[in-house]
Amino acid sequence: MSTDISSEERFLPLRDGRTLAYAEAGNLSSKTVVLYMHGFFTVGDASQTSHVFLSKNVHFISPTMPGWGNTSPPPPSTLYRDCLTSDMTALLSHLYLDFDDHNIKLYIAGGSLGTVAAQILYGAPYDKFPFGRCIAGLLLLGAFSPFRYHTDYAKYMTWTQYILPGPIGYHMPFNLLSHIIKFVLARKLKTIEGAEASLRETVFDRMDQAEREEFAKWSEERGMVPDDYVRKMAENVLKSTSKSWVGFMLTPPLLHSDWGFRPDALDEEHSRPPVLLTASKDDDMSPVAYAYYLAANYKNARIKHVDGGHMSILYHMDEVWAEFLVDEQ
C-alpha cells in the first residue's frame, strides 16, 4: 500500500504544453477514487483530508482547476468544458495506467464553484471523459445550478451576486465588470493580511453566534484555533491568483455557459450514479434553491440539509463523506 496522508502539490505536464497542478492523499494505489473539485479562490489541497478516506481505503485527488494557482488556463480556442474533461482524463490516466472500465470506482465531488466542474464531468460524453463510465456517485456541496437552464436563478441572489456573477455582469460587454472587480480585489489580496481581512468580511464575520461556536469546536478538534484555519484559507487565496486571475475572469462565463448537457435530459447510463447534494439553509453564496433545482432535475438525487451559512457544511464533512461512500467497506 502506498500511503501519503498529507501530500505536497504535484505537477503534470500536459500534451498541449500546459501544466496541471494537483494534490493527493490516502491510499495512492487504491482503485476507489475521490476526485474533488475546489471552490472559489483556492487550489487543490489534500492537507486536511477526512479520516473516512483512510478507513475506507480511498485515494483522494484534488486537482487545481484551469486558470487557478499553478494550473494553466484553458487554451484560447478551447471550451472550458472540453479543457476540463481533457485535463481530468490526462490526470487519471497518469495515475491509473492500467485503467479499464471495470477496475476503478470513481466518486466525483465538488464544493461551491467546484460543483460546476463536478457536474460537467458527471454529464460529459464518454468519448470526452472515458472515466465517466466508472463514476459511482456525485457529491455537490453548496451547489450551483446551470444558469443557462435554471431561468429563475437570479431571484435567489444577493445584490452583490446579482451584479457579478449574475445577469448584470454577464451581459456587460467584454466581461468588463469582471475586469473592474478584479482590479479592486487584486489590491485587497496582495498580502496574507489582506486575504484574511477579506475572508473575515465575506464569510466569517457573517456567522451567527451558534455557528461561531461550532467553528471553534471544529477547529479545536483538529488541533487548531479558528484563526489558524482562516490563515490556511488566506494562504490558498494567495496561491489561487499567484500566476494569473484567469480562473476568476472565467467564472461568470462558466456559470452561464453550456455545460454540455441538461440535467433533466441525461440518458439512463449517465443518470445511474446517485447524486448527493448538501444545502445550508443560511448560505447566501450558494442558495438552497439551486440544490432544489438540481434535485428536481437529476433523476437520482437527494438533499442533505444542514444549519448555518456557506461554511457550515465543513463541520459535517466526516458525516457527509461517510454517507457518500456508504457502499465502501
- Message: Would you say the ring centers of Tyr122 and Phe261 fall short of 6.0 Å from each other?
- Response: no
- Message: Just by distance, no angles: are the side chains of Asn57 and Glu328 close enough, under 3.5 Å, to form a donor-acceptor pair?
- Response: no
- Answer yes or no: does atom CD of Glu220 have more than 12 heavy-atom neighbours from other residues, nucleotides or ligands under 6.0 Å? no
- Within 6.0 angstrom of Lys31 NZ, more than 12 heavy atoms from elsewhere: yes
- Do Asp284 and Arg206 sit within salt-bridge range, that is, some charged N less than 4.0 Å from a carboxylate O? yes
- Is there a side chain to side chain donor-acceptor pair (under 3.5 Å) between His150 and Ser145 once you walk through the steps? CA-CA 7 Å; His150 186 187; Ser145 56; 2.7 Å; yes
- Query: If two hydrophobic side chains count as joined below 4.5 Å and joins carry through other members, does Leu185 share a cluster with Val203?
  - Reply: yes
- Task: Kindly indicate, with the supporting measurements, whether the criterion side chain to side chain donor-acceptor pair (under 3.5 Å) is fulfilled by Ser312 and Ser280.
- Result: CA-CA 7 Å; Ser312 62; Ser280 304; 3.0 Å; yes
- Trp321/Tyr107 aromatic ring centres below 6.0 Å: no
- Query: So, Lys304 and Glu319, do they make that salt bridge, N to O below 4.0 Å?
  - Reply: yes
- Query: Looking just at side-chain N and O atoms, do His310 and Asp283 make a donor-acceptor pair shorter than 3.5 Å?
  - Reply: yes
- Message: I'd like to know if Asp87 and Arg18 make a salt bridge, using a cut-off of under 4.0 Å between side-chain N and carboxylate O.
- Response: yes
- Item | Glu268 CD: over 12 foreign heavy atoms closer than 6.0 Å | no
- Query: Do the charged groups of Lys232 and Glu196 touch, with an N to O distance under 4.0 Å?
  - Reply: no
- Separation between CG (Leu141) and CZ (Phe324), nearest 0.5 Å, reads 9.0 Å
- Task: Kindly check if the number of other-residue, nucleotide or ligand heavy atoms within 6.0 Å of CZ (Arg222) is above 12?
- Result: yes
- Using side-chain contact (heavy atoms from CB on, under 4.5 Å) as the criterion, point out the one residue from Pro74, Pro253, Ser257 that pairs with Tyr80. Pro74
- Task: Determine whether more than 12 heavy atoms belonging to other residues, nucleotides or ligands lie under 6.0 Å from atom CZ of Phe40.
- Result: yes
